[in-house]
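One structure is given here, and the rest of the page talks about it.
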Amino acid sequence: MTVPIRAAVAGLPSYKPGKPAVTGDRTFKLSSNENPFPPLPEVLAATQASCSTMNRYPDMGNSAALAALAQHLTTEQTPVAEDNLAFGTGSVAVLYHLLQAICEPGDEVIYAWRSFEAYPIAVQVCGGVAVQVPLRADATHDLEAMLAAITPRTRAILVCTPNNPTGPVVGHEELQAFIDAVPEHILIAIDEAYVEFVTDPAAARGLELWRDRPNVAVLRTFSKAYGLAGFRVGYAVADPALTAAVRAVSLPFGVSVPAQAAVIAALGAHDALMAQVRELISERTTLVAGLRDKGFALPEAQGNFVWLHTVEHTERVAAECVAAGLMVRPYVSGGPWDGVRVTVGEPEANARLLDVADRLTW
Ligand SMILES: *Cc1c(COP(=O)(O)O)cnc(C)c1O
């Protein structure tokens, strides 16, 4: 006799972790959209210092980190209060908490596809039913089709901008009109995991869209631009009723002592971190231009990654990259949106991808 596992759990697609860099020959991990820069000395020092209290539980309310974040996000036009924020162990955890808080079994959650691999898993774990709306041909969200997909069972809509793994953003005006057309009892989560890398001036600005709209939550993370992927911290910006619901279902003391210290130090080092982000954006520009020069059609790349829409050639192209020491992320499902996502990494890694591209065809 074995313990029965809930059908929704037994049937889960498993999340595939990014391929690690193989040691030996120099290889580059370009499979998880991490920040390739090592930690800044001041962030490392503050984090290490915090370890002297590892025998104590962390501050359950994350109060110092909350205060620092609220101050950081507040502008004259858009004040952000502490009760507009909720932390979690990565913004994926915050998304789980939001869905757990609102989904009854069988409730529908709409999102674009292909999009973030964690969405189908999160929806299913939380008892929801995924409604995947195909991307438009240019790899952007088809908001019109997403609106048309709403039914009486719809409880949430996930909007990923820039979209992981394809790269384009959703336009601000377009998103605003979309939100205003969606019934107010439906949660709209705007996943801005890569917002710091966006250069398109017409891109959605989530922080201007949640206020006065109690059904809108903006999700952000310290994993990408802030270089804290290993510490697992993300957050929601939303109406206090939603952030309270996130806290209510969160595991207690989720955000660890060093993670809280790292967040405060990283916010303090914001300018230095954004200088790194600008370097990565410049690498991205070179990479995209180089690949397009070689004749490859790339969608707009607004995150810290590029998308090779290789469809049925995906495994071969990924194998070529791996053979060159580039650990990339292939998406192989047999569907129309199969391809290879490559994180913008160290300059040497990016140069190597351009070299590999000379031998690639798809
Ligand atoms: C990386 C990523 C996140 C954040 O992940 P966490 O590490 O859990 O904060 C969220 N959404 C998308 C689309 C991502 O790519």
Side-chain angles (χ1 to χ4, degrees), residues 15-18 29-36 62 65 69 85-100 109 111-123 125-126 130 132 135 139-141 156-170 175 188-198 203-204 206 217-238 246 250-251 254-256 259-260 262-263 266-267 273 277 280 284 299 301-307 328-329 331 337 339-345:
Y15 182 85
K16 291 179 200 66
K29 186 176 180 217
L30 307 176
S31 51
S32 296
N33 294 345
E34 294 150 337
N35 188 327
N62 307 296
L69 183 60
L85 297 172
F87 278 115
T89 51
S91 64
V92 171
V94 180
L95 176 64
Y96 271 63
H97 298 329
L98 279 169
L99 294 178
Q100 258 179 308
V109 180
Y111 54 87
W113 199 250
R114 183 173 292 276
S115 190
F116 189 28
E117 295 294 294
Y119 294 162
I121 304 173
V123 170
V125 169
C126 300
Q132 301 184 338
L135 295 168
T140 58
H141 279 49
I157 303 175
L158 316 180
V159 176
C160 189
T161 176
N163 188 48
N164 174 9
T166 60
V169 293
V170 175
L175 183 55
I188 300 170
I190 307 174
D191 186 342
E192 289 194 331
Y194 302 96
V195 68
E196 296 85 358
F197 298 96
V198 171
V218 178
L219 299 181
R220 290 193 168 188
T221 180
F222 284 94
S223 296
K224 311 285 162 59
Y226 284 86
L228 299 180
F231 275 144
R232 317 300 306 119
V233 198
Y235 60 96
V237 189
V246 168
S250 294
L251 296 177
V255 184
S256 68
Q260 294 188 30
V263 161
L267 289 171
L273 287 166
V277 165
L280 292 169
R284 177 184 77 197
Q302 289 285 301
N304 63 342
F305 52 89
V306 296
W307 173 247
V328 298
R329 163 95 54 165
Y331 295 82
W337 282 103
V340 179
R341 190 193 68 196
V342 189
T343 305
V344 176

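Start at 1 and go down the list; that is how both ligands and their atoms are numbered. These values consider heavy atoms only, across backbone and side chains, with no hydrogens, waters or symmetry-generated copies.
At a heavy-atom distance under 4.0 Å, only side-chain atoms of C160, from C-beta outward, approach ligand 1.
Residue N164 places at least one N or O, backbone or side chain, under 3.5 Å from an N or O of ligand 1. Ligand 1 has an N or O atom lying under 3.5 Å from an N or O atom of T221, backbone or side chain.
Scanning the protein for heavy atoms near atom 5 (O) of ligand 1, the closest one is V92 CG2, 3.7 Å. If you check which protein heavy atom lies closest to atom 15 (O) of ligand 1, you get Y194 OH, 2.6 Å. At the shortest separation from atom 8 (O) of ligand 1 among protein heavy atoms lies R232 NH2, 2.8 Å. In terms of protein heavy-atom proximity, atom 11 (N) of ligand 1 is nearest to D191 OD2, 2.7 Å. Of the protein's non-hydrogen atoms, S91 OG, 3.3 Å is the one closest to atom 10 (C) of ligand 1.
Of all heavy-atom pairs between P162 and V198, the closest is CG-CG2, 3.5 Å.
In this structure, the side chains of Q302 and F197 stay at 4.5 Å or more apart for every pair of heavy atoms. At a threshold of 4.5 Å between non-hydrogen side-chain atoms, the residues I190 and L219 do not count as touching. L267 is listed as a side-chain neighbour of Y226, based on a closest heavy-atom distance under 4.5 Å. At least one side-chain heavy atom of R232 sits under 4.5 Å from a side-chain heavy atom of S223.
Atom numbering of ligand 1 starts at 1 in the shown order; those under 4.0 Å from a heavy atom of A193 are 2 (C), 3 (C), 10 (C), 11 (N), 12 (C), 14 (C). Set against the non-hydrogen atoms of S223, the atoms of ligand 1 under 4.0 Å away are 6 (P), 7 (O), 9 (O).
Assignment of F222 to the shell around ligand 1 is not supported, since no heavy atom sits closer than 4.0 Å. For the pair A229 and ligand 1, no heavy-atom separation below 4.0 Å is found.
K29 and E34 are joined by a salt bridge, as a carboxylate oxygen and a charged side-chain nitrogen come within less than 4.0 angstrom of each other.
Not less than 6.0 angstrom separates the ring centroid of F116 from the ring centroid of Y111.
Taking the six-membered ring for Trp and thresholds of 30 and 60 degrees, Y235 and F87 have ring planes more than 60 degrees apart, a perpendicular arrangement.
Residue nearest to atom 14 (C) of ligand 1, selected from R220, K224, E117, E34: K224 (by heavy-atom distance).
Only one option out of E117, R114, R341 pairs with Y331 in a side chain to side chain donor-acceptor pair (under 3.5 Å); it is R341.
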